[in-house]
Amino acid sequence: MPALRIDGRAVAARVLADVKNRAATFAAAKGRPPGLAVVLVGEDPASQVYVRNKGREAEAAGFRSEQHTLPVTTGEAELLALVGKLNADPGIDGILVQLPLPKGIDTDRVLLAIDPAKDVDGFHPINVGLLGSGAAEKALVPCTPAGSVILIENVLGPSLAGKHAVVVGRSNIVGKPVAQLLLQRDATVTIAHSRTADLPALCRTADILVAAVGRPEMIRGDWVKPGAVVVDVGINRIPAPEKGEGKTRLVGDVATEEAAVHAAAITPVPGGVGPMTIALLMANTLVAAHLREGLPRPALTA
Ligand SMILES: Nc1nc2c(c(=O)[nH]1)N[C@@H](CN(C=O)c1ccc(C(=O)N[C@@H](CCC(=O)O)C(=O)O)cc1)CN2
């Protein structure tokens with residue numbers, strides 16, 4: 001049986017529809033919409049696309065949406081001053097500084113400056129700590145990990161008890177938080193990385209395999225256990241001479257067609273985890289708005 005292709009665009013659309021409804025209710029109750037500010041420093045073309053898409057989805061959800069585009073020459077002090085201004089703005093519930101930042105700016109210092117209550121990326125140490133200590137219901141959770149787990153839940157249901165999850169990649173932004181979220185759902189979790197012994201053999205023990213290494217098509221088909229659910233977080237642009245000179249195509253960290261021979265379900269790239277990242281950013285902004293106004297945390301559905 002060929003693997004089910006998990007349709008991230010369709011699940012993201014359901015999340016966004018729910019966010020839009022709840023944003024209208026919030027606006028009617030509070031006399032203002034949820035507010036999201038996105039900050040871009042420099043002119044990285046991929047970041048420009050992501051920031052534009054975030055602004056478009058924020059507007060579609062009925063949010064107040066602000067974009068701040070600063071030149072690549074911007075100094076850290078100037079960026080910190082903007083973050084301070086957004087922290088103090090009562091109509092802004094979510095602040096996102098698009099990564100990567102240009103060289104010369106200390107990313108950790110910038111992320112630390114964001115008010116944790118407005119940290120819709122979930123990268124501030126307060127939110128990292130809440131998630132790590134099992135208090136995810138009080139935290140703003142990073143968007144890509146939260147979106148990945150929703151896709152897994154759509155296939156396997158809310159409890160992952162008895163399942164072995166292998167997360168390949170130990171980044172603070174994806175690998176570690178996705179592992180925490182899987183643990184919270186009672187999966188048995190192994191975090192693997194470049195120094196893990198016999199990575200293919202370990203991956204073959206995974207009922208749930210999450211690839212977040214940033215290496216194009218590193219996870220091969222024969223690394224996948226028959227019947228596994230495979231979530232590919234990678235977004236890598238590689239040369240595609242078959243499309244013409246200088247052309248590129250997008251691939252994940254998994255060799256999708258090979259893996260689909262063994263897997264029960266797999267996320268495609270594009271159209272898998274990527275769209276969930278932006279949908280969960282809108283969901284986090286709505287959650288931040290509710291918590292800042294003293295309202296109960298909304299239980300979003302997908
Ligand atoms: N502050 C942050 N910076 C970055 C994050 C983040 O979560 N917070 N994540 C990535 C980039 N990113 C969002 O910012 C992002 C990446 C990819 C997609 C997406 O929808 N991808 C599409 C394909 C897009 C394409 O054709 O290039 C897909 O997978 O279908 C959304 C958001 C780094 N920076």
Side-chain angles (χ1 to χ4, degrees), residues 8-9 12 16 35-61 63-83 85-86 92 94-114 118-124 127 140-148 169 171-175 177 212-216 232-240 246-253 269-285 288:
R9 290 192 186 109
L16 290 168
L36 172 64
V38 176
V39 180
L40 173 64
V41 185
E43 291 175 1
D44 175 69
S47 292
Q48 285 176 326
V49 172
Y50 300 141
V51 166
R52 203 177 314 128
N53 291 346
K54 287 170 186 183
R56 199 186 52 218
E57 291 301 348
E59 277 166 28
F63 292 179
R64 171 183 159 195
S65 170
E66 278 185 10
Q67 293 198 10
H68 298 264
T69 306
L70 305 177
V72 71
T73 49
T74 301
E76 192 175 299
E78 202 182 325
L79 178 56
L80 289 172
L82 173 59
V83 169
K85 215 173 104 212
L86 296 170
I92 290 295
I95 303 169
L96 179 140
V97 177
Q98 187 65 30
L99 302 179
L101 285 168
K103 284 193 183 72
I105 297 183
D106 183 335
T107 300
D108 287 344
R109 209 173 294 155
V110 173
L111 297 180
L112 195 60
I114 296 173
K118 297 188 177 189
D119 168 37
V120 283
D121 251 334
F123 295 160
H124 190 285
N127 284 311
L140 290 167
V141 175
C143 304
T144 302
S148 302
S171 70
N172 291 336
I173 288 175
V174 182
V213 268
R215 291 238 211 126
D232 190 352
V233 182
I235 296 181
N236 310 288
R237 204 163 273 288
I238 63 167
K247 296 283 182 197
T248 59
R249 69 189 172 96
L250 215 55
V251 297
D253 293 347
V269 177
V273 171
M276 293 299 286
T277 298
I278 294 186
L280 267 291
L281 173 64
M282 303 308 140
N284 272 353
T285 304

Practice prompt. Quick one: pull up CD in E43 and OG1 in T69 and give me the separation to the nearest 0.5 Å.
Written response: 9.5 Å
Item to complete: Identify which one of R56, H68, Q98 satisfies the side-chain contact (heavy atoms from CB on, under 4.5 Å) criterion when paired with V51.
Response: Q98
Item to complete: Identify, with sequence neighbours excluded, every residue that meets salt bridge (charged side-chain N to carboxylate O under 4.0 Å, His left out) alongside E57.
Response: none
Fill in: Smallest separation among heavy atoms of L140 and V120, with atom names
CD1-N, 4.3 Å
Worksheet item: Which pair of heavy atoms, one from P275 and one from A12, lies closest together, and at what distance?
Response: O-CB, 3.6 Å
Worksheet entry | Residue Q48 excluded, over 12 heavy atoms near CD under 6.0 Å | yes
Discussion item. Whether the side chain of E59 engages the backbone of S65 through a donor-acceptor N/O pair (distance < 3.5 Å, no angle test) should be reported.
Written reply: no
Response to the item:
The side chain to side chain contact (heavy atoms under 4.5 Å, CB included) partners of T248 (sequence neighbours excluded) come to R237
Fill in: Whether N284 side chain and V141 backbone form a donor-acceptor pair below 3.5 Å
yes
Worksheet entry | Heavy-atom donor-acceptor pair, K118 side chain to L86 backbone, under 3.5 Å | yes
Practice prompt. Please report the shortest heavy-atom distance between V41 and P71, naming the atom on each side.
Written response: CG1-O, 3.6 Å
Fill in: Point-to-point distance, once rounded to the nearest 0.5 Å, from CD1 of I95 to OG1 of T285
10.5 Å
Worksheet item: When you measure from the side chain of D253 to the backbone N and O of R215, does any donor-acceptor pair fall under 3.5 Å?
Response: yes
Worksheet item: Taking only residues two or more places apart in sequence, or in another chain, which ones meet A81 in a side chain to side chain contact (heavy atoms under 4.5 Å, CB included)?
Response: none
Item to complete: Taking all non-hydrogen atoms of both residues into account, name the closest pair between A113 and L80 and its distance.
Response: CB-CD2, 3.6 Å
Response to the item:
Closest heavy-atom pair, I105 versus L101, reported as atoms and distance to 0.1 Å, is CG2-CD1, 3.9 Å
